[in-house]
Amino acid sequence: MPIEVQSEGAGAPRHGIVLLCGLVLFLFLLFVLRFWYLQILHGEEYTDISHANRTRTERVYAPRGLILDLKGRLLAENRPAYCLALIREDCPDISATLAQVGRWTDTPLPLLTAKYEQDIRQVQPFQPQLLVTDLSFDQVMAIEEELHNWPGISIFIRQRRWYPEGPLFAHILGYVGEAGKEDLEKDENLALGDVVGKSGLEETKEKFLRGVKGINQVEVEAHGRQIDKFQERPSQAGSDLTLSLDIDLQRAASEALGEESGCVVVMEPDTGKLRALVTQPSYDNNLFTAKLSQKDWDSLIKDPRHPLQNRGIQSVYPPGSVWKLVMAGLLLEQKISPAAGVTCSGSVTLGTHVFRCHSTHGWVNMLQSLVASCDVYYYEMSQKVGIDNITRFATACGFGQRTGIDLPNESRGLVPSRAEKKRRFNEPWQRGDTLNTSIGQGFTLVTPIQMAVYVGALLNGGKIMKPGLIETEPPEVRGELPLTASQRDFLVEAMRATAESGTARRIARPDAVMGGKTGTAQNVRIGERRLKKHEMAYEHRDHAWLTSWGKKDGKTYVVVVMVEHGGGGSSTAGPVTVKVYEALFGPPVKPPAQPAAQAGTEARP
Amino acid sequence: MSAMDRRLLTHANWSLLFCTALLFAVGMVNLYSASAVRGEAGLRFLPYFDRQIVWGVVGLAAMLLTVLVDYRHLRVLAQPIFLLAVVLLVLVEVIGITKNGSTRWLNVGFTEFQPSELAKIAVLLLGASMLARRKGSLGWLDLFQVFGVCVIPCLLIFLQPDLGTTLNLLLLLGGLALYQGIKLRVFKVLCLVIPLSLPLAWMVLLADYHKQRIMTFLNPLEDIKGAGYQIYHSQIAIGSGQMWGKGFQGGTHHLSRFLPEKHTDFAVAVFSEEWGFVGCVALMALFCVFLLCIVNTARDAKDRFGSLICAGVFFYFFWQILINIGMVVGLMPVVGIPLPFISYGGTATLVNFILLGLVLNVSMRRYMFKSH
């Protein structure tokens, strides 16, 4: 149509149209290129950033494993504790709120503010920040009443470790505490606020008890508020730990010790399992799981009787006469006849020094020397074997080294030697040192648990067992006594005789076979005459030892009792040992005369 | 008359209408997603979607009204409309409503009215009518006349302050002048003078927060928490869309509120996150076809005034698309200019439809010159 041809493009400047088309092309290319750059070239980077921006990893509490006694009774459990936390994003006036929290909980405001400022960096937005732990029930009630006036404050429940038996097992269980800086650096699985074992089995069995924390992926929006949550890994509770210890026996042993400082070790010789491990004085380990006050800490630290010390494994003592069991073993090993005798005149003089015995025994052989605990026999005999043999043999029997018990900070004790004396005092070994060593005095230091392991090895066929605390772990043999069966039997028999008629006769009971060896370890050099217990200051008094075993109804136990500064081995450690065996075997009963005949008469009408 | 009406309908730029409908639909779908935020209870919707539908309907009605009147009458009406716009802008300065530090609105009883939106139409029409009278390329005098008049509403809008609209108007006029043609000598001088005068504009005209935005644009990572936040998160949202996008309502980044202004200025970031590179290319293609439809009418217009109107509308949309997407993808500083049909905004939608009505008007009447 002519009209249309005429009007076509009449109004448009030609270059203008080119310009517009060019601009459109420019627009298209520019942005397609830019979108390609952002979405294709760097798409994955941005995806990662986007994901990281809106997800947080949340760790879920894993319950710590319980600790049970041999009979399945609770020794360590998790109890809910009330805590107070603040979500700062929800709190309109933080300083006023902190002041109120201080009033509620009787916490000084500067302390509270300091804690708040210190932790603030580690807490994500909209996450509760812990302010006060372990509120009392009354405090919780008071706070709940006013809670609606204080937005941002919340009370929540956290699991806290609780030890129902408190002081009775404090040294064995230890305690847990908040992971410190060192713990966090050592173990990357730990996070701020986590609880770790700080002492005792809680420390040594940490990996076993802790469990594995769960992980939640929390999706948050731009301000940090939670939108969605999904579980990446469920939390896995820690494993329960069944101990070989028995609450009843532990309590009985503790009561047997009474107010004395000291320890009781009860062990099954065949397996090395401990049935009781009591140390006194003790402390309440529950104090440590809460916030331990400075006052409580000071009183524990400054107590002259050192309640934090686990005397069974951490304290070392001169063994005194119980060492004669080791010395006699050495003499047997050195083929010295048990029949060979020595005449005890009450003392031995070496140079100008007089080495005393506690009595005048006359002629004694090896058996009598053990039963009567004659020092002179060992003064004489030790000079035949010499210090180097003593060092070697005692070391082979497990002394001077850790027994490997699953508790931290075990002591090694000390087996004296020439080298050791040279190193420590820069003095040569003297013959008199050998004499002192032979009766468990001088430099020799042992732990009660070492003593128990040695006596156990005499009974179990010569196996040096690791003292076991965990019932479920298999027994572990750590070494072998360098003694033949007959040599071991001789020593066992000597102990039986000592309990029957010797220094340990206090522990004899008619319904069981008993064996024992007493020891009275001197703390100070013996003067012109032995002082009586009441004549000495407490810290100068002798340590009382009694190592013993008892067999009844096919069961054998080794019991080592050590009473610190208790005086005589028999007089102080004896009654304690007796009570422990009563707990083990029941009260002693006289075997009824002719039980068969009695039953026969009663059966007849 | 019925024959003429039929011819009007036959010649109408149907493809432009179709593109517009498509763009509006894409905008609505995107707005549905963009107006949602995620909470623990799931998605929560803000009421933008429903409002935008209402504005769409109003806009359509306004477009039909615009189409009815032969655009040639607008040549006469251009001056009164312009005067009205200027008066209203002055009124805004006097009795306007202030929000967020800007005085842009007049209270007209049932609703609030933004005279700067009317000013866009007024400047476009007056500019087109003034330029249409010039024969050949523009000299200094012509440029001063056109800009001298149009700079009045621009200044008033700048004082509100509303840098985005001011910029849009000036660029629109500049585009119109280029479209009409500028004498080569003049063009060369302008190419020198305008870049040189930019530092002056920086010192005199720009407020501190404008300068801040430009500095942030140049180095967005410097201030991620503050001024760079939008740019940073906008690029994360876009980039994380990758090739195929996260799907409708699957844009985790924007749904988690990391993207501010996501239903208005940053709406295209939401689109990019959910529809990916493929969607973005398609959207860009759609925008370009849309613009080419306008160019088509500009080319076919029967007179210079009609062609200039179309060119004006072209530039109006072109600059908005360029500046808005440029800002969202981090190629330009943050300037508050919405993306036509994709961003939420009532008056903007209305104006968009009215301007499209102008183009349709021109396209319908392109063959009628000789028939009367």
Side-chain angles (χ1 to χ4, degrees), chain A residues 1-56 126 217-229, chain B residues 37-40 132 175 178-181 233 235-243 252-253 255-259 272-273 276-277 280-281 284-285 287-288 291-292 294-295 298-308 310-311 314-315 318 321-322 325-326 329-331 366-371:
Chain A
M1 286 154 86
I3 311 161
E4 289 166 9
V5 172
Q6 239 180 336
S7 63
E8 176 119 19
R14 192 177 170 73
H15 71 274
I17 298 300
V18 174
L19 173 75
L20 299 194
C21 292
L23 287 176
V24 171
L25 187 67
F26 165 74
L27 187 77
F28 185 78
L29 290 179
L30 176 74
F31 288 144
V32 165
L33 210 65
R34 181 62 177 174
F35 279 121
W36 173 82
Y37 174 85
L38 289 174
Q39 300 186 297
I40 306 299
L41 205 59
H42 294 283
E44 278 178 28
E45 284 165 49
Y46 283 118
T47 305
D48 292 345
I49 297 174
S50 165
H51 185 78
N53 258 318
R54 62 196 167 74
T55 49
R56 306 237 185 291
F126 291 98
Q217 289 293 347
V218 179
E219 199 175 346
V220 295
E221 44 93 290
H223 306 294
R225 225 180 262 277
Q226 177 177 320
I227 298 174
D228 205 356
K229 186 160 143 168
Chain B
V37 286
R38 283 176 72 198
E40 259 184 304
L178 279 173
Y179 180 73
Q180 171 78 352
H233 282 286
Q235 290 185 38
I236 292 173
I238 296 170
S240 64
Q242 294 187 286
M243 177 61 93
T252 44
H253 205 73
L255 287 175
S256 303
R257 298 192 192 204
F258 284 100
L259 205 55
S272 311
E273 190 186 6
F277 181 66
C280 287
V281 172
M284 288 319 299
F287 265 123
C288 288
L291 287 174
L292 287 175
I294 300 176
V295 173
R299 190 192 64 201
D300 294 345
K302 66 185 171 196
D303 60 358
R304 181 54 61 90
F305 179 58
S307 185
L308 277 166
C310 294
F314 173 91
F315 279 112
F318 175 79
I321 296 166
L322 184 73
I325 301 184
V329 300
L331 289 176
R366 61 190 153 148
Y367 297 123
M368 286 157 63
F369 206 75
K370 290 283 177 182
S371 66

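Since the model is a prediction, treat every value here as computed from it, not as a measurement. The chains referred to below are lettered A, B, ... by the order of the sequence lines, with proteins before strands, and numbering in each begins at 1.
- Contact annotation for B:I321: both backbone and side-chain heavy atoms come within less than 4.5 Å of a heavy atom of chain A.
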A:L30 and B:L331: side chain to side chain contact (heavy atoms under 4.5 Å, CB included), yes or no, with the steps? CA-CA 10 Å; A:L30 176 74; B:L331 289 176; 4.1 Å; yes
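- Here the straight-line distance linking atom CD of A:Q39 with atom OG of B:S240 works out to 8.5 Å at 0.5 Å rounding.
- Proximity to chain B is absent for every atom of A:Y37, based on heavy atoms less than 4.5 angstrom apart.
- Closest approach of B:F314 and A:L23 over heavy atoms only: CE2-CD1, 4.2 Å.
- Between chain B and the residues A:H51, A:H42, A:E44, the most heavy-atom pairs under 4.5 angstrom are made by A:E44.
- Among B:A237, B:G276, B:C310, the residue with the largest count of heavy-atom pairs under 4.5 Å with chain A is B:G276.
- Rounded to the nearest 0.5 angstrom, A:S50 OG and B:I238 CD1 are separated by 12.0 Å.
- Summarising the geometry of A:F28 relative to B:C288, their closest heavy-atom pair is CB-SG, 3.4 Å, with the distance given to 0.1 Å.
- The candidate from A:V32, A:V18, A:L25 with the greatest count of non-hydrogen atom pairs under 4.5 Å with chain B is A:V32.
- A 4.5 Å side-chain heavy-atom check between A:L27 and B:F318 finds at least one atom pair inside the cut-off.
- Neither the backbone nor the side chain of A:E45 comes within less than 4.5 Å of any heavy atom in chain B.
- Nearest heavy-atom pair, B:L322 versus A:F26, reported as atom, atom and distance to 0.1 Å: CD1-CE2, 4.0 Å.
- A pairwise comparison of heavy atoms in A:I17 and B:A298 identifies CD1-C, 4.1 Å as the closest pair.
- Here the closest non-hydrogen pair linking A:R34 and B:Q235 is NH2-OE1, 3.6 Å.
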Output, in order, the C-alpha distance, side-chain angles, deciding distance and verdict of side chain to side chain contact (heavy atoms under 4.5 Å, CB included) for B:F287 and A:V24. CA-CA 9 Å; B:F287 265 123; A:V24 171; over 6 Å; no
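- Within the 4.5 Å cutoff, no side-chain heavy atoms of B:V281 are placed close to those of A:F35.
- Interface residue A:I40: only side-chain heavy atoms are found under 4.5 Å from chain B.
- For chain A, the option among B:M243, B:Q180, B:Q242, B:M284 with the highest count of heavy-atom pairs below 4.5 Å is B:Q242.
- Looking at every heavy atom in both residues, A:A12 comes nearest to B:Y179 through CB-OH, 3.8 Å.
- In terms of heavy-atom pairs under 4.5 angstrom with chain A, the leader among B:V329, B:L308, B:L178, B:L292 is B:V329.
- Of the inter-residue distances, the one linking A:L20 atom CG with B:F315 atom CZ reads 5.0 Å to the nearest 0.5 angstrom.
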